[in-house]
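Notes for the one structure printed next.
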Amino acid sequence: ILIYILIIFFTTSINAQVILIDPGHGGEECGAFILQKKTKVCEKDIALSIATTLHSLLKDQYPTFLTRSIDRTLSLEERALMAEKIQATLFISIHVNSHSSKKPQGFETFYLDNHKNAAVKKLEMIENKDLKGEKVIVNQILADLVIQRTAPRSKKLARLVHKNLSNNLTKNYKMLDRGYKPALFYVLALTKRPAILLEVGFISNTHDQALLKNQNFQKDYAKKVYKGILSFIKSEQKSKPLL
């Protein structure tokens, strides 16, 4: 059984890119927000706008999907299940930051981290919930393989996307670069593929807020993410196949 699993796992072509873009929150979940003239400006709407632009840039080159294209509620499990259904090879989640203070500002990029095997343990806990016997062992092996393979590639994806963002946002929009960082977001572990989570800016900060609401900024941000994704795919295609 293990040999069969390994063959399937390692012979997946890195050239067959399928991209899933995930606008954070939606429906009943507004996400981070501000009130302007008694009207909520929600994270979910900003994320969807950027995600839609990114989708339009990628769709003619690669099979590209959105976890939601309208304002609807989606659980983290549903987002991850969609990645499985379409056999996504990349997962890009888009969010907006907020803080109780108005001082924090800037953009940052997160990637899956496996510090002290935390990501593997989290995935095992989720996957083994209703399993017994040999299936638990197989799932433990798979979880370890998935995280070992995807965590380094998630970091690489984050680095290349963030590089493109940094070159533009710091110069043209005077945004603070908060860097690309390891994290253990539930949705990143659950997707089981190279995945990053983008925090576009702080809606609680006056400077970032003005940009986040600006459609030209949203489109420009999406273009830089697009270029970063293309850089990642190009570098992956240059890599030697595992088998």
Side-chain angles (χ1 to χ4, degrees), residues 17-34 40-98 106-112 154 157-158 160-162 164-165 168-169 173 175 180 183 185-188 190-191 193-203 208-209 211-233:
Q17 299 293 339
V18 179
I19 303 164
L20 182 59
I21 305 165
D22 175 42
H25 306 281
E28 296 175 357
E29 295 182 12
C30 176
F33 68 92
I34 54 165
K40 268 187 178 182
V41 178
C42 291
E43 172 183 1
K44 65 178 182 178
D45 299 318
I46 296 168
L48 181 58
S49 176
I50 293 170
T52 302
T53 300
L54 181 58
H55 175 263
S56 67
L57 290 168
L58 286 163
K59 67 179 182 178
D60 291 333
Q61 294 167 270
Y62 303 99
T64 306
F65 303 87
L66 291 161
T67 54
R68 65 179 181 91
S69 57
I70 58 173
D71 185 18
R72 69 187 184 102
T73 306
L74 274 177
S75 68
L76 297 180
E77 290 83 357
E78 286 174 314
R79 296 170 200 265
L81 182 60
M82 192 177 299
E84 285 294 311
K85 283 184 177 180
I86 67 169
Q87 291 297 291
T89 53
L90 296 179
F91 183 85
I92 314 294
S93 193
I94 300 172
H95 290 259
V96 169
N97 228 329
S98 186
F107 61 97
E108 51 196 340
T109 305
F110 292 97
Y111 60 89
L112 181 64
S154 292
L157 175 61
L160 292 173
V161 168
H162 195 84
N164 276 273
L165 288 170
N168 179 54
L169 301 185
Y173 296 99
M175 288 191 82
Y180 67 98
F185 286 108
Y186 182 77
V187 69
L188 296 186
L190 206 58
T191 54
R193 62 238 324 125
I196 58 174
L197 189 146
L198 302 166
E199 291 283 5
V200 184
F202 281 78
I203 200 168
D208 285 7
Q209 183 188 118
L211 294 172
L212 291 170
K213 294 186 297 179
N214 187 298
Q215 288 190 350
N216 288 330
F217 169 80
Q218 293 172 7
K219 290 176 181 177
D220 207 12
Y221 183 94
K223 286 177 184 176
K224 299 309 172 186
V225 175
Y226 162 73
K227 288 184 178 179
I229 292 171
L230 292 189
S231 296
F232 174 80
I233 293 173

Exercise. Roughly how far apart are Ile86 CD1 and Met82 CE, rounded to 0.5 Å?
Worked result: 7.5 Å
Problem set entry | Closest contact, heavy atoms only, Leu211 versus Met175 | CD1-CG, 3.5 Å
Exercise. Does Leu212 reach the side chain of Tyr221, with side-chain heavy atoms less than 4.5 Å apart?
Worked result: no
Exercise. Under the side-chain contact (heavy atoms from CB on, under 4.5 Å) criterion, do Asp220 and Tyr173 qualify, and how do the steps go?
Worked result: CA-CA 10 Å; Asp220 207 12; Tyr173 296 99; 2.8 Å; yes
Problem set entry | Gln215 CD: over 12 foreign heavy atoms closer than 6.0 Å | no
Seminar exercise, completed: Rounded to the nearest 0.5 angstrom, the CD1-CZ distance for Ile46 and Phe33 is 12.5 Å
Problem set entry | Option among Leu165, Leu198, Asp208 that satisfies the side chain to side chain contact (heavy atoms under 4.5 Å, CB included) test with Phe107 | Leu165
Problem set entry | Minimum heavy-atom distance Gln17-Pro63, with the two atoms named | O-CD, 3.2 Å
For this session: Mind checking the CD1-CD1 spacing from Ile203 to Ile34? Nearest 0.5 Å is all I need.
Result: 4.5 Å
Problem set entry | Heavy-atom pair with the smallest gap, counting every atom of Val96 and Ala32 | O-CB, 3.9 Å
Exercise. Would you find a donor on one side and an acceptor on the other, under 3.5 Å apart, between the side chain of Glu28 and the backbone of Thr73?
Worked result: no
Exercise. Does NZ in Lys219 sit with more than 12 non-hydrogen atoms of other residues, nucleotides or ligands closer than 6.0 Å?
Worked result: no
Exercise. What's the verdict on side-chain contact (heavy atoms from CB on, under 4.5 Å) for Phe232 and Val161, showing C-alpha distance, side-chain angles and the deciding distance?
Worked result: CA-CA 8 Å; Phe232 174 80; Val161 168; 6.0 Å; no
What side-chain donor-acceptor pairs closer than 3.5 Å can you find for residues 47-54, not counting sequence neighbours?
residue : atom : partner : partner atom : Å
Ser49   : OG   : Gln218  : OE1          : 2.4
Thr52   : OG1  : Leu48   : O            : 2.7
Thr53   : OG1  : Ser49   : O            : 3.2

Exercise. So how far is it from Lys44 NZ to Glu29 CD, rounded to the nearest 0.5 Å?
Worked result: 9.5 Å
Exercise. So Tyr180 and His162, would you call those rings parallel, tilted or perpendicular, with 30° and 60° as cut-offs?
Worked result: tilted
Problem set entry | Residue pairs fulfilling side chain to side chain donor-acceptor pair (under 3.5 Å) with at least one residue in residues 223-233, sequence neighbours excluded | Gln61-Tyr226
Exercise. Any side-chain heavy atom of Leu58 within less than 4.5 Å of one from Ile21?
Worked result: yes
Problem set entry | Separation between CG of Leu90 and CD1 of Ile233, rounded to the nearest 0.5 Å | 5.5 Å
Exercise. If you take all heavy atoms of Leu74 and Arg68, which pair is closest and at what distance?
Worked result: CD1-CB, 3.9 Å
Exercise. If you take all heavy atoms of Arg193 and Ala88, which pair is closest and at what distance?
Worked result: NE-O, 2.6 Å
Problem set entry | Atom pair NE2 (His55) and CG (Leu20), whose distance is rounded to the nearest 0.5 Å | 9.5 Å
Exercise. Would you call Lys85-Glu78 a salt bridge at under 4.0 Å N-O?
Worked result: no
Exercise. Just by modelled atom types, is the Val18 backbone N or O under 3.5 Å from a matching donor or acceptor in the Thr89 side chain?
Worked result: yes
Problem set entry | Minimum side-chain heavy-atom gap His95-Leu197 below 4.5 Å | yes
Exercise. Where is the tightest heavy-atom contact between Gly228 and Asn164, given as atom of each residue plus distance?
Worked result: CA-ND2, 3.5 Å
Exercise. Run the side-chain contact (heavy atoms from CB on, under 4.5 Å) check on Cys30 and Lys40 step by step: do they pass?
Worked result: CA-CA 9 Å; Cys30 176; Lys40 268 187 178 182; 4.1 Å; yes
For this session: Check the pair Ile92, Leu157 against side-chain contact (heavy atoms from CB on, under 4.5 Å), reporting the backbone distance first and the verdict last.
Result: CA-CA 10 Å; Ile92 314 294; Leu157 175 61; 4.0 Å; yes
